[in-house]
Structures are given as structure tokens and as C-alpha cells.
Amino acid sequence: MARLGSWIESHPEGIYVRPADAWIDPSQPKAKAMVTHGHADHARGGHSAVLATPETLAIMDCRYGQQSGVQPIAYGESLRVGDVDVSFVPAGHVLGSAQIVLEHNGEKVVVSGDYKRRPDPTCPEFVPVPCDIFITEATFGLPVFRHPDTGSEIDRLLHRLQSDPSRCVLVGAYALGKAQRIITELRGRGHQEAIYFHGAIERLNQLYQDHGIDLGELRHTGGAAKQEMAGHIVIAPPGALNDRWSRRLPDPVTAMASGWMRIRQRARQRNVELPLIISDHADWDELTSTIREIAPAEVWITHGREEALKHWCMTHQIKACELNLVGYEDEDD
Ligand SMILES: [Zn+2]
């Protein structure tokens, strides 16, 4: 009998599903790509054909311009691609993010893409799908990574804002997903004030709003006087935290929302005064409890800190291996 999943090939540039003649999240342009979500290291432009959720396709259009050969697939819809039954189910990572479920010759394989298990007001929550092989990320695959409760991190941000109304709090947040999630989490904690944003996240804010995510009152920093922003929150991509642009802000307290803020050195590197541990990836407990819940025969690990998770699987009698894909960054948090 052939080994489990022998129809799926791991290449440095992505996962190739042979009987579908299609690649998952390839880092190079391909004839046929299935894309889990819109982050740049998973969704590249220039494929001849793309299968993804309508939200992910909208994000790709927003970032790369109109893509050719696109085919939308809604959550829960099933489609035959070559000799494989394919469906997309929610991954809880960002708007439109999906796990890809593949069925072929009586075997079921789930490719998680990036995922998390905690509630996120901007996307439907992760759906566990029992399968033979679970292909998972491991961005935060070390026991040291345990993300705190999101609400308490948001409260720390609000407390800091209120403690000095003459300053603004500048929050560095990844432009796709994290920025809009921070805004909706703030709204959920009762913060109804206008929130200012850096121009680089304007189109993605608009895209989220077009998909029914209520972000409340937003204002572009470009049109605002310095003093008007005192006592307010300003959201910007991480790259803008220490650049000249921030000089237009009233004495900003620099914050950053990322799972990496667990590591003090990363916060120091960016001169972050208020590190907020808010992640769009599963932490160690979420990774291991998800594997326990899905109970696959095998776990294949795509990117991140593979060793510790592999070891954990072995000690729990689950066969595990690393795929060594290249090109996936772990900065999208
Ligand atoms: Zn991602």
C-alpha cells in the first residue's frame, strides 16, 4: 500500500497536489494555484488560474490589480479539481482566510494555511475538520508562546491612552487583518472615538468595510492637524513606526500589536514602548489542542518553529514531518 498522502508533493516553492495539477500558496507564478489567504507570502500575483474565497480574491485584486483566471469558492462549497474534491473552510486568521480540504482516493488532507482559534470579529472562526493528514503552520510553535487574552491587551491600550490625553498612541499593526481587527476589538470594548490611520491601510480598511465589517469613524492622518490627534489612537503599518511620517503626530506613545511582542528584544528593536501581544496565529496551546481535536494520523509542518511541534506530535504517537517550504515569512503578525 502506498504511503499516506503520496499524491501530495512538497517543493520549496509550495505544496503541489498532483491529481489536481494545482499548487497551494505557491511562491512562484503557476498555471493553477489554490490560495489560503491574502497575506503576501501566501498570495502571490501572476498565476494563470486562482481558486480562492471571494474575499481573498478581492484582497489580491486590491494589492496586485485585477487577476486573471480567478475562480471564487465560498466556504463550505465543494468543487472537483482534476481528480480531487476540494473545499475551503474558515481558518479564523484574516478576512477570507481558509483551510483547504482535499479528498482523493479515500484520503482526506487538510492544509491549514495560517490560522488561530480565538474569536476575531473580522472573520468566521476556525472549523476543525477531522482528516488523515493535517498540514499545519507553526509560526508560534514553542511552549514559550502563549498569547494572553485579547480583551486585556486592548484594555491596556485604552488605559494608556486615557492616562495622558496630551499624547496619542501610535499602534503598529500589519496592514491586512491586524489593523482592522484592532479597530473592531477597540469598538467591542466600547471605544467609539474617531481612530486615525496611516494612508497605507486605507484601501484595506475600505475593503473590510465593503465586506460588512463595521470599523466606526476613521480619519486619515494626512488631513489632520497635529493637536487634533492628541488623546486619539493612530493605526499604522509596523514599518511606519520609526519613520519621518510619525513626526506629524502629537508626542506618540509607540505601541505594536503582534504575537512577537512576547519577545522583549523584538519590542526594543522597534522602540516599542507599549508591546501588545495580539496575534493572528495560533499559539502553542492552540496548535497542540487543535491537533488533539482533529486527531490526524499524520501532521506535516509547513513553516515556523517546526522542531518543538514535531517532537510534541511524536510524544503523542502522531507521525510528524517538516516540509521545509521557503518564502513563507513569519512577519505577517
Ligand atoms: Zn497570514
Taking the six-membered ring for Trp, are [X] and [Y] parallel (under 30°), tilted (30 to 60°) or perpendicular (over 60°)?
X     : Y      : value
Trp7  : His104 : tilted
Trp23 : Tyr16  : tilted
His37 : His39  : perpendicular

For [X] and [Y], work out which heavy atoms get closest and say how close.
X      : Y      : result
Pro54  : Pro72  : CG-CB, 4.1 Å
Tyr75  : Gly96  : OH-C, 3.2 Å
Ala173 : Ile235 : CB-CG2, 4.2 Å
Trp300 : Leu4   : CZ2-O, 4.0 Å
Tyr174 : Asp333 : CD1-N, 4.5 Å

Problem set entry | Contacts of type ring-ring contact (aromatic ring centres under 6.0 Å, His included), residue His191, not counting sequence neighbours |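 Testing His191 for ring-ring contact (aromatic ring centres under 6.0 Å, His included), a comparison that skips the adjacent residues, returns none.
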Report yes if some heavy atom in the side chain of [X] is under 4.5 Å from a heavy atom in the side chain of [Y]; otherwise report no.
X      : Y      : value
Ile59  : Asp61  : no
His42  : Asp114 : yes
Asp120 : His93  : no
Val70  : Gln67  : yes
His198 : Val234 : no
Val111 : Gln99  : no
Arg118 : His147 : yes
Val129 : Lys108 : yes

With a sphere of 6.0 Å drawn around [atom1] of [X], does it hold more than 12 non-hydrogen atoms of other residues, nucleotides or ligands?
X      : atom1 : value
Glu273 : CD    : yes
His220 : NE2   : yes
Glu293 : CD    : yes

Counting distance only, does the side-chain N/O of [X] pair as donor-acceptor with the main-chain N or O of [Y] below 3.5 Å?
X      : Y      : value
His211 : Leu207 : yes
Ser279 : His281 : yes
Asn105 : Glu107 : no
Lys116 : Ala91  : no
Ser10  : Ile15  : no
Thr184 : Gln180 : yes
Arg167 : Asp251 : yes
Arg160 : Val169 : no
Glu286 : Arg117 : yes
Asn242 : Arg270 : yes

Less than 4.0 angstrom from a charged side-chain N to a carboxylate O is my criterion; do [X] and [Y] meet it?
X      : Y      : result
Arg18  : Glu9   : yes
Arg146 : Asp283 : no
Lys310 : Glu322 : yes
Arg80  : Asp85  : yes
Asp155 : Arg189 : yes

Exercise. Does Arg219 have any side-chain contact (heavy atoms from CB on, under 4.5 Å) partners at least two apart in sequence or in another chain, and if so, which?
Worked result: Ala194, Tyr196, Glu217, Glu228
Exercise. Can Arg266 be said to sit on top of Trp260's aromatic six-ring, NZ or CZ under 6.0 Å from centre and within 45° of the ring axis?
Worked result: yes
Check for me, please, whether [X] and [Y] land in the same ILVMFWY cluster - side-chain distances under 4.5 Å, paths through other members count.
X      : Y      : result
Leu276 : Ile201 : yes
Phe145 : Ile301 : no
Ile233 : Ile277 : no
Leu186 : Val94  : yes

Exercise. Among Val109, Ile291, Val110, Thr136, which residue meets the side-chain contact (heavy atoms from CB on, under 4.5 Å) test with Pro296?
Worked result: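 Option passing the side-chain contact (heavy atoms from CB on, under 4.5 Å) with Pro296: Ile291.
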